[in-house]
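Some notes on the structure that comes next.
Below, chain A is the first sequence line, B the second, and so on; all start at residue 1. Heavy atoms only: backbone and side chains are in, while hydrogens, waters and symmetry mates are out.
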Amino acid sequence: MPDYNEILEAIYAAIDEINLQRPANDPLEKKANTVLFGENGKLDSLGFVNLTVLLEQILSDRFNKSVVVLNDDAFSKQSSPFQTVDSTAKYLLSLSQ
Amino acid sequence: MKKNCLLLSSFNISTCEAYFANDAFDPDVKVLSADFGQAVPTLLDASSSLWKESCDAAIVWTRPEDISSAFERRMSFEPATDEALIAEVDAYLGAIKQALPRAKAFFIPTWCMPGFDRGVGALELKSAMGIRRSLALMNQRLVEGLGSEAKVFLFDSQRWVEMGGKNAFSPKLWYLSKNPFGPEVYKEAARDFKAALNALSGKSKKLIVVDLDDTLWGGIVGDLGWKELKIGGHDHVGEAYADFQKALKALNRRGILLGVVSKNDEKNALEAIRMHPEMLLKENDFAGWKINWNDKAQNIVDLAAELDLGLQSIVFIDDNPVERARVREALPEVLVLEWPADPMLYRSALTSLSCFDVPAITQEDTARAKTYAAKRESEKSRESVQSLEEWLNTLGIQVKIEALNENNLQRAAQLLNKTNQMNLSTRRLSEEDFLGWSQQEGNKVWTFRVSDRFIDSGLTGIVSLESDGKKTKIVDFILSCRVMGRKVEEGMLYWSINHCSRSNASSLSAVFIPTEKNQRCFEFFKKSGLEHEEATRTFHWNVKKPYAKPPCIELITEESRNS
């Protein structure tokens, strides 16, 4: 079972990949409090889809865990668990246990 | 300078756009894209605002089922004829051909299918209903319809999918965002598109400089002697080195030069090259070498100067990471490859490179390697004569002059777009635009093919003239560095002045447009005898005065050939 830090590293790996698609002067920061989605989030809906599909692939490759990251909750900007890197990590931890 | 590219697709291509616009590789690209699903309507609509800006490349990427309803029916095992399939591909080709005048180049990926879609299994390529058989027919039609169009480049998307691995096709991304491919596919695609843009700008690499010990062969020749080196034979490592040499030789046959920079005794190294029975690369395959105990970075600089090539044309391959780091730091313009430690990975590392991509391969390219061996022979002959003039007279230099036409256009355009040093104005034009310019009233383009008793160097010179009847201007004055310094330049200038005189022009001028690389051209014109007006960088000649033809050059025109 991956722990919080391992999941955080997986998220940072996904961010590294997403940053290759972004201008060099506007990367997503690899910090727990980086806002990903929703108000003040740097990702638009397409970026969000790309990130979450990537996360599923990384989690599957690294931990041999099939995790369905996207569900109805994820698309609601008020209650989305993906608002920050930290909230994403906690949510993924709960899905993988 | 940014390249303007237009992306047209039948699916959501924004991830490709993101990599293309933001990756770290040259060239910088400004990307415009049509809304997805608007590929064919945009091709058919010349008035679309997407075509207003000058377009260096239009990329048209579609899914097969978006172009052909017959294909879509076959995916559902519904009946559809091959004729219907081909007719729909032809309609698509018609839309592309209609749009051809609106961009300098078109990049068209072939169609592909996900590996997880097995279609009809063992009947896939046998049955008329097989999806992959249908796809092969469609792609074959694409090649037949567009393969001979000079400005169209077809890309094998299946290669990108293979590089993309198990996540190449993503059902999730499709359902969520109408994007069929995973990111690795777009990365490979963007890499290929950029390589093609560089190729069209004449920025392909021209010379591979290789080390010898543990790079071209296994072992250290100075320690083991040539007989114990691992090349070929029934040995997996020897076989890997032989295959690496084979791949280098294939590049050489395409026109990429090979050079050696190695820390060794030259005598030992050349003995190995000459004597080892499994050595595929021979002395004459190398344009030059620096085999000594000196600094490799300096040796590369010296070799480049000897071959008249800029450092930005060079790729350096060496097994030793310390040597690579030294050259990388000392010569940032040289492409120093991060090389695998295992020789069994050398061949694949070489064949995966995109820096040698070119828009066309001509006879001059395939003969290029022999030119340098011939030059070595001719330089040797020079040792036995007293002066440069005497030596040039022994070469029997012939220069065949021909107006630009459909037959020599490809090579002439390649020379126009690749030559940097002896280039008066460094104009860059597509084949179509170059031919079109030459056909305008008052304009003339001459090509010059150079040969001597050692080698036929092929089409290596261009002069473009623009005249209003009285005053003539040299617009392009271009000569390949391989034939510089043998009075061919003077011969081209003589021809230009002679042409002016025959057409009753009174004056000839040439405006030098400086770049970082064409100082040699300026120096030639300064010594040419033409009057130099410094303020405007213009050179003048009064056509009533004769200009001496170099005695060592025989000029052969179409008229003299036919008489």
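- To the nearest 0.5 Å, the span separating OG1 on B:Thr15 from CG on A:Leu46 amounts to 5.5 Å.
- Other residues, nucleotides and ligands contribute over 12 non-hydrogen atoms within 6.0 Å of the CD atom of B:Glu338.
- Within the 4.5 Å cutoff, side-chain heavy atoms of A:Glu17 are placed close to those of B:Lys187.
- For the pair A:Val49 and B:Asn179, the minimum side-chain heavy-atom distance is 4.5 Å or more.
- Atom CZ of B:Phe116 sits in a crowded spot, with more than 12 heavy atoms from other residues, nucleotides or ligands closer than 6.0 Å.
- The nearest pair of heavy atoms linking B:Pro183 to A:Gln21 is CB-NE2, 4.3 Å.
- A:Leu20 touches chain B through backbone and side chain together, each having a heavy atom under 4.5 Å away.
- Within a 6.0 Å radius of NZ in B:Lys203, other residues, nucleotides and ligands contribute 12 heavy atoms or fewer.
- At least one side-chain heavy atom of B:Lys166 sits less than 4.5 Å from a side-chain heavy atom of A:Asp61.
- The line from CD of A:Gln57 to CG of B:Leu173 is 7.0 Å long, rounded to the nearest 0.5 Å.
- For B:Met75, the CE atom is densely surrounded, since the number of other residues' heavy atoms within 6.0 Å is greater than 12.
- The number of heavy atoms from other shown groups lying within 6.0 Å of CG (A:Asn64) does not exceed 12.
- Taking a 6.0 Å sphere around CZ of B:Phe25, one finds it holds 12 or fewer heavy atoms contributed by other residues, nucleotides or ligands.
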